[in-house]
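One structure below.
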There are 2 protein chains.
Amino acid sequence: MPKNCNFIEKLREVGLRPTKQRVKMCEVLYNREKTFHFTINDLVKLLSEKMNQKISLATVYNTVHAFEKKGYLKEISIDSHKSYFDTNTSAHHHFFDEDTHELIDCDESDIDKVNIRKNITGKKINSVEVLVRVASDNQTQK
Amino acid sequence: MPKNCNFIEKLREVGLRPTKQRVKMCEVLYNREKTFHFTINDLVKLLSEKMNQKISLATVYNTVHAFEKKGYLKEISIDSHKSYFDTNTSAHHHFFDEDTHELIDCDESDIDKVNIRKNITGKKINSVEVLVRVASDNQTQK
DNA sequence: ATCTACATTATAATAATTCTAAACTGTTGA
DNA sequence: TCAACAGTTTAGAATTATTATAATGTAGAT
């Protein structure tokens with residue numbers, strides 16, 4: 001979903017009703033310079049700051065999942081205890097900063113294309129995800 | 001932890017007391033031909049089948065985490081809702097079968113070495129993980 | 001055999017997420 | 001314009017995965 005667009009129209013295009021809550025979520029997620037990585041918790045905090053009226057936690061979950069299904073968001077698995085989402089839905093890889101728990105997009109030029117020599121017989125490849133875990137140089141890591 | 005070893009000695013070596021429960025868990029995890037991928041739930045089921053006496057859920061969690069800390073197990077993130085563990089602790093990548101929710105080790109020869117051209121400044125790379133999601137060819141996928 | 005630190009246990013607590021059922025609201029079309 | 005319906009939102013309950021607690025048990029040293 002490109003920034004600066006008419007969110008009402010965009011929502012309608014994929015068959016989602018442009019309700020107040022959904023439009024607000026679009027603004028929070030897509031009216032920004034860079035792609036945005038967040039957990040549900042982050043998003044709830046942001047929304048409750050930026051909205052005058054409150055939004056239900058269940059609505060945030062529903063809406064995030066509706067956006068995900070429609071390809072407006074991508075889920076990233078890093079840590080089994082939290083779901084991270086990414087407003088950049090194109091195929092790309094990530095750095096995960098284990099000090100700050102921050103997720104950072106890789107530029108296409110950062111990582112060479114991953115070459116899969118042999119796939120499981122009878123299956124097709126849906127996606128190839130690379131996660132590079134990084135941390136401060138001067139710190140004990142597991 | 002190689003199979004066929006004396007688990008009591010192995011546990012002692014890393015400073016874990018070889019209790020009944022821990023030795024039993026070693027047998028279930030490491031007395032097998034191939035590396036083993038499992039969720040806590042899988043393991044609890046297996047243990048309660050193979051043991052005459054019962055084992056507490058909390059003990060399974062504690063012991064899995066003790067093994068992980070000592071390098072006997074590796075945690076794999078695939079899905080934010082479940083923790084998968086792997087008895088193969090060497091650096092290697094995975095296929096994840098989205099039909100069966102099965103995790104499969106990649107052979108070293110299956111995937112070429114991933115070339116990271118540019119890392120985040122001031123950080124060192126802790127690990128590089130590739131996850132290849134696969135599914136049946138004749139099936140609708142997201 | 002006894003002691004002590006570490007383990008195990010059942011249960012309670014917490015956290016993340018999903019479900020439920022009632023109230024609400026876009027949208028359609030009369 | 002407005003009634004009607006289907007999709008949405010909501011608060012709170014339920015569920016699931018995981019961790020904490022505190023009492024009891026046990027391995028290993030003395």
Side-chain angles (χ1 to χ4, degrees), chain A residues 6-28 37-48 51-70 72-73 75-85 101, chain B residues 6-28 37-48 50-70 72-73 75-85 101 103:
Chain A
N6 180 340
F7 295 125
I8 294 179
E9 268 317 306
K10 282 284 163 192
L11 285 168
R12 228 187 285 272
E13 274 169 28
V14 295
L16 290 175
R17 277 194 194 166
T19 59
K20 280 194 282 297
Q21 292 85 343
R22 283 177 176 164
V23 173
K24 192 68 197 178
M25 271 188 56
C26 283
E27 286 168 15
V28 169
H37 300 107
F38 61 93
T39 64
I40 295 285
N41 217 321
D42 297 335
L43 184 55
V44 168
K45 265 194 216 126
L46 260 176
L47 282 168
S48 54
M51 280 178 85
N52 30 5
Q53 75 188 122
K54 71 183 301 186
I55 186 166
S56 159
L57 183 60
T59 303
V60 178
Y61 274 100
N62 291 340
T63 309
V64 163
H65 288 143
F67 283 8
E68 193 197 1
K69 196 179 294 175
K70 298 298 182 176
Y72 282 180
L73 289 173
E75 186 169 5
I76 315 287
S77 295
I78 282 143
D79 172 308
S80 2
H81 314 111
K82 263 175 200 151
S83 290
Y84 283 77
F85 291 88
H101 283 202
Chain B
N6 181 339
F7 294 127
I8 294 181
E9 268 319 305
K10 282 284 163 191
L11 285 168
R12 230 188 283 273
E13 274 170 28
V14 295
L16 289 175
R17 276 198 194 163
T19 59
K20 279 194 283 297
Q21 291 84 345
R22 282 177 176 164
V23 173
K24 192 70 197 175
M25 270 187 57
C26 282
E27 286 169 13
V28 169
H37 300 107
F38 62 93
T39 63
I40 295 286
N41 217 320
D42 298 335
L43 184 56
V44 168
K45 264 193 218 130
L46 260 176
L47 284 168
S48 53
K50 301 219 168 177
M51 279 178 87
N52 29 4
Q53 77 188 121
K54 72 185 299 187
I55 187 166
S56 159
L57 182 61
T59 303
V60 178
Y61 273 102
N62 292 342
T63 309
V64 163
H65 288 142
F67 283 7
E68 192 196 1
K69 198 179 293 173
K70 297 299 184 176
Y72 283 179
L73 288 173
E75 187 169 4
I76 315 287
S77 296
I78 282 144
D79 171 310
S80 2
H81 314 110
K82 263 173 201 154
S83 289
Y84 282 77
F85 292 88
H101 284 203
L103 193 59

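Every chain is numbered from 1, with letters handed out A, B, ... down the list of sequences. Everything numeric in this text was worked out from a predicted model, so none of it was measured.
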Measure the distance from [atom1] on [X] to [atom2] on [N] and round it to the nearest whole Å.
{"X": "B:N62", "N": "D:dA22", "atom1": "CG", "atom2": "C1'", "result": "14 Å"}
{"X": "B:L11", "N": "D:dT26", "atom1": "CG", "atom2": "P", "result": "18 Å"}
{"X": "A:L43", "N": "C:dT17", "atom1": "CG", "atom2": "C1'", "result": "15 Å"}
{"X": "B:Q53", "N": "C:dA7", "atom1": "CD", "atom2": "C1'", "result": "13 Å"}
{"X": "A:M51", "N": "D:dT9", "atom1": "CE", "atom2": "P", "result": "10 Å"}
{"X": "B:K70", "N": "C:dC6", "atom1": "NZ", "atom2": "C1'", "result": "13 Å"}
{"X": "A:K24", "N": "D:dT10", "atom1": "NZ", "atom2": "P", "result": "14 Å"}
{"X": "B:K69", "N": "C:dC6", "atom1": "NZ", "atom2": "P", "result": "13 Å"}

Working to the nearest 0.5 angstrom, can you tell me the gap between [X] [atom1] and [Y] [atom2]?
{"X": "B:Y84", "Y": "B:L73", "atom1": "OH", "atom2": "CG", "answer": "15.5 Å"}
{"X": "B:N41", "Y": "B:K45", "atom1": "CG", "atom2": "NZ", "answer": "5.0 Å"}
{"X": "B:E27", "Y": "B:M51", "atom1": "CD", "atom2": "CE", "answer": "9.5 Å"}
{"X": "B:L103", "Y": "B:I78", "atom1": "CG", "atom2": "CD1", "answer": "4.0 Å"}

Could you list the donor-acceptor pairs under 3.5 angstrom formed by side chains in residues 54-66 of chain B, with sequence neighbours left out?
from, atom 1, to, atom 2, distance (Å)
B:S56, OG, B:A58, N, 3.2
B:N62, ND2, B:A58, O, 3.3
B:T63, OG1, B:T59, O, 2.6
B:H65, ND1, B:Y61, O, 3.2

As a check on the pairing definition, encode DNA chain D in dot-bracket form, counting Watson-Crick and G-U wobble pairs whose two distances are under 3.5 Å, and using | for partners outside this strand.
||||||||||||||||||||||||||||||
Below the 4.0 Å mark, does C:dT9 have OP1 or OP2 next to a side-chain nitrogen or oxygen of B:T59?
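Yes.
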So, is B:Q21 near the phosphate of C:dT9, with a side-chain N or O under 4.0 Å from OP1 or OP2?
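It does, given that an N or O in the side chain of B:Q21 lies less than 4.0 Å from OP1 or OP2 of C:dT9.
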B:D42: which residues meet the side chain to side chain donor-acceptor pair (under 3.5 Å) condition with it, sequence neighbours left out?
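Partners of B:D42 under the side chain to side chain donor-acceptor pair (under 3.5 Å) test: B:T39.
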Taking only distance into account, with no hydrogens and no angle test, what donor-acceptor pairs under 3.5 Å do side-chain atoms of residues 15-26 of chain B form with protein atoms, sequence neighbours excluded?
from, atom 1, to, atom 2, distance (Å)
B:T19, OG1, B:R22, N, 3.4
B:R22, NH1, B:R17, O, 3.1

Do the non-hydrogen side-chain atoms of B:K10 and B:V14 ever get within less than 4.5 Å of each other?
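No, too far: nothing below the 4.5 Å cut-off.
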Its contact letters, B for base, S for sugar-phosphate only and - for none at protein heavy atoms under 4.0 Å, make nucleotides 25-30 of chain C read BBS---
Contact pattern, 5' to 3', of nucleotides 15-20 of chain D - B, S or - by protein heavy atom under 4.0 Å:
--SBBB
Closest heavy-atom contact between A:I40 and A:F85?
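That would be CD1-CE1, 4.0 Å.
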